[in-house]
2 protein chains.
Amino acid sequence: MTAASLRARLRAELTDEIKATARRHLATDGANLSLRAVARDLGMASSAVYRYFASRDELLTALIIDAYDALGSAAEAGAGEGTYEERWLGVCHAVRDWALANPYEWALIYGSPVPGYRAPGDTVGPAIRAVLALGRIVRDAADAGRVDVGEPIPGRLGEELAGVAERAAPGAPPQLVARSMAGWIHLNGAVSAELFGQLDNTIGERREFFEFQMRGALSWIGFR
Amino acid sequence: MTAASLRARLRAELTDEIKATARRHLATDGANLSLRAVARDLGMASSAVYRYFASRDELLTALIIDAYDALGSAAEAGAGEGTYEERWLGVCHAVRDWALANPYEWALIYGSPVPGYRAPGDTVGPAIRAVLALGRIVRDAADAGRVDVGEPIPGRLGEELAGVAERAAPGAPPQLVARSMAGWIHLNGAVSAELFGQLDNTIGERREFFEFQMRGALSWIGFR
DNA sequence: CCATATCGAGAGCACTGCTCTTGACACTCG
DNA sequence: CGAGTGTCAAGAGCAGTGCTCTCGATATGG
């Protein structure tokens with residue numbers, strides 16, 4: 001395989017270089033980065049880039065998948081040790097820290113969807129890693145009896161949540177799945193609000209305010 | 001004034017027509033709509049549009065301000081009558097309903113910021129109307145003793161929040177300001193999650209799930 | 001009525017994503 | 001070791017973009 005890989009290795013390396021350069025351009029041009037500019041930075045013709053990515057959308061998709069994966073890894077690593085509360089806050093801060101370190105990639109995956117862009121199925125796997133990392137902690141805490149399970153959710157939403165629980169965390173109470181998802185959504189909103197400038201001229205103590213919110217989610221979910 | 005307004009009226013009308021057409025293009029092209037395409041739809045030369053908006057950014061800014069204003073009006077109208085809980089949920093649903101009816105304008109104001117685009121100061125006034133509508137309800141409820149004020153927030157965040165309270169709602173306890181803001185951020189995240197497709201293939205009962213979350217925020221804030 | 005300000009249209013510049021063709025290189029098989 | 005094959009980079013070219021400038025036409029105000 002090493003024989004065939006001389007060409008393959010060059011291809012893989014150049015693919016990575018293109019992605020890295022594109023990631024850099026993300027900072028200045030956002031989702032409408034210029035493929036030609038990326039090629040120019042690499043000293044190659046724009047048409048040559050099309051040997052590696054069939055379109056600009058495909059390049060963006062690659063960046064999106066990488067971003068989801070990196071965020072998922074960061075979130076999972078943030079779970080760490082300690083009490084369930086500490087693990088929860090650990091994941092929250094890990095997500096926020098990653099977003100602060102990679103704001104343009106965060107915007108790419110959680111900002112407004114590019115019209116006409118259809119996310120391929122490859123993205124959903126990496127996309128749910130972060131929320132699953134959160135859910136696992138709630139589930140573990142619930143198994144240990146450290147979470148007030150609370151009232152079941154009635155109606156069709158309740159049934160639907162039971163289905164979600166079945167697929168994502170068999171045996172977990174649907175209402176805890178719902179509250180975990182709500183926690184993730186709040187986390188997501190808090191990070192986006194901070195990154196997208198909604199806290200400018202209002203809140204300077206970003207980290208403290210974020211933790212205040214995540215502790216609130218924690219208590220509402222029912223940790224005790 | 002009617003004398004001078006023949007030209008002025010035409011100008012105002014055409015300005016509105018350009019914005020309306022641009023709003024329509026928002027649906028297909030998002031923030032990178034084509035000024036030329038807008039002009040084409042209006043049967044005028046692209047250069048003529050520049051008599052009305054100095055740049056594409058300026059056109060987008062006009063759309064952004066209009067969107068903030070429309071959302072603010074919808075939120076304020078949603079406060080309506082009833083108990084404090086009902087008013088809170090009324091605003092939440094009003095915001096969500098507006099976003100569902102105007103998804104591309106929501107994406108414009110709460111999606112990823114366009115790199116290189118600097119929001120002019122004119123946007124902050126309309127931008128805060130919605131969150132103020134929420135905050136007013138919490139404040140009213142607190143004045144009526146229907147909210148558990150809870151523990152004060154210590155440290156620099158607490159001091160900062162006291163300043164925010166001073167400016168936005170004099171006399172209101174800083175911790176309630178913080179929880180109101182957190183509620184708005186959660187609301188914002190919930191709407192964005194729904195609109196940006198993060199609930200696809202997971203939650204179908206969108207309205208119920210949204211209300212579940214907003215009731216959660218309600219109880220965490222301390223309504224009783 | 002006439003000077004002035006405003007406006008629309010068109011040409012043009014530099015840029016974009018993307019396609020197609022051409023020629024060079026590396027690899028594989030006989 | 002040499003011929004054939006697949007892969008690659010480069011360049012030209014097309015249609016589209018934001019934006020500027022110039023040039024006539026039209027309405028406004030003194």
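Values below: all heavy atoms of this structure, side chains included; hydrogens, waters and symmetry mates excluded.
If you find the closest nucleotide of DNA chain C to Leu35(A) and to Ala45(B), the one lying nearer the 5' end belongs to Ala45(B). Taking the nucleotide of DNA chain C with the nearest heavy atom to each of Val49(B) and Asp57(A), the more 5' of the two is matched to Val49(B).
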Checking Arg206(B) against Asp200(B) for the salt bridge (Lys or Arg N to Asp or Glu O under 4.0 Å) test, could you report, in this order, the C-alpha distance in whole Å, the side-chain angles of both residues, the deciding distance, and whether it holds?
CA-CA 10 Å; Arg206(B) 306 280 169 89; Asp200(B) 291 358; 3.3 Å; yes

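Side-chain nitrogen and oxygen atoms of Tyr52(A) include at least one within less than 4.0 Å of the OP1 or OP2 phosphate oxygen of dA9(D). Arg40(A) has no side-chain polar atom (N or O) that falls below the 4.0 Å cut-off from OP1 or OP2 of dA10(D). At least one side-chain nitrogen or oxygen of Arg11(B) sits closer than 4.0 Å to the OP1 or OP2 atom of dC7(C). Listed pair Ser34(B) / dT17(D) meets the phosphate criterion, a side-chain N or O lying under 4.0 Å from OP1 or OP2.
For Arg11(A) and Tyr52(A), the positive end sits near the middle of the six-membered ring, less than 6.0 Å away and at most 45° from its axis.
Taking atom CZ on Arg36(A) and atom C1' on dG16(D), their separation rounds to 12 Å, with Å as the unit. In this structure, the CG atom of Leu10(A) is 21 Å from the P atom of dA24(C), given to the nearest Å. Distance, Arg51(B) CZ to dG24(D) C1': 12 Å, rounded to whole Å. Distance, Phe53(B) CZ to dG8(C) C1': 16 Å, rounded to whole Å. Taking atom CG of Asp29(A) as the reference point, atom C1' of dC15(C) lies 12 Å away to the nearest angstrom. As rounded to whole Å, 7 Å separates atom P of dC18(C) from atom CZ of Arg56(A). Nucleotide dG8(C) holds its C1' atom 12 Å from the CD1 atom of Ile18(B), rounded to whole Å. Per the geometry, OH belonging to Tyr50(A) stands 6 Å off P belonging to dG17(C), to the nearest Å.
Of the candidates dA9(C), dA10(D), dT16(C), the closest approach to any side-chain atom of Met44(B) belongs to dA9(C).
Here Leu33(A) lies in heavy-atom contact (under 4.0 Å) with sugar-phosphate atoms only. When heavy atoms are screened at a 4.0 angstrom cut-off, Leu14(A) is found touching the sugar-phosphate backbone but no base atom.
Side chain Ser47(A) to base dA9(D): no donor-acceptor pair is found below 3.5 Å.
Partner of Ile109(A) under the side chain to side chain contact (heavy atoms under 4.5 Å, CB included) criterion, out of Thr123(A), Ile65(A), Leu63(A), Leu71(A): Leu71(A) alone.
The six-membered or imidazole ring of Trp106(B) lies away from that of Tyr68(B), with a centre-to-centre distance of 6.0 Å or more.
A donor-acceptor pair under 3.5 Å is absent between the side-chain atoms of Arg156(A) and the main chain of Glu205(B), judged by distance alone.
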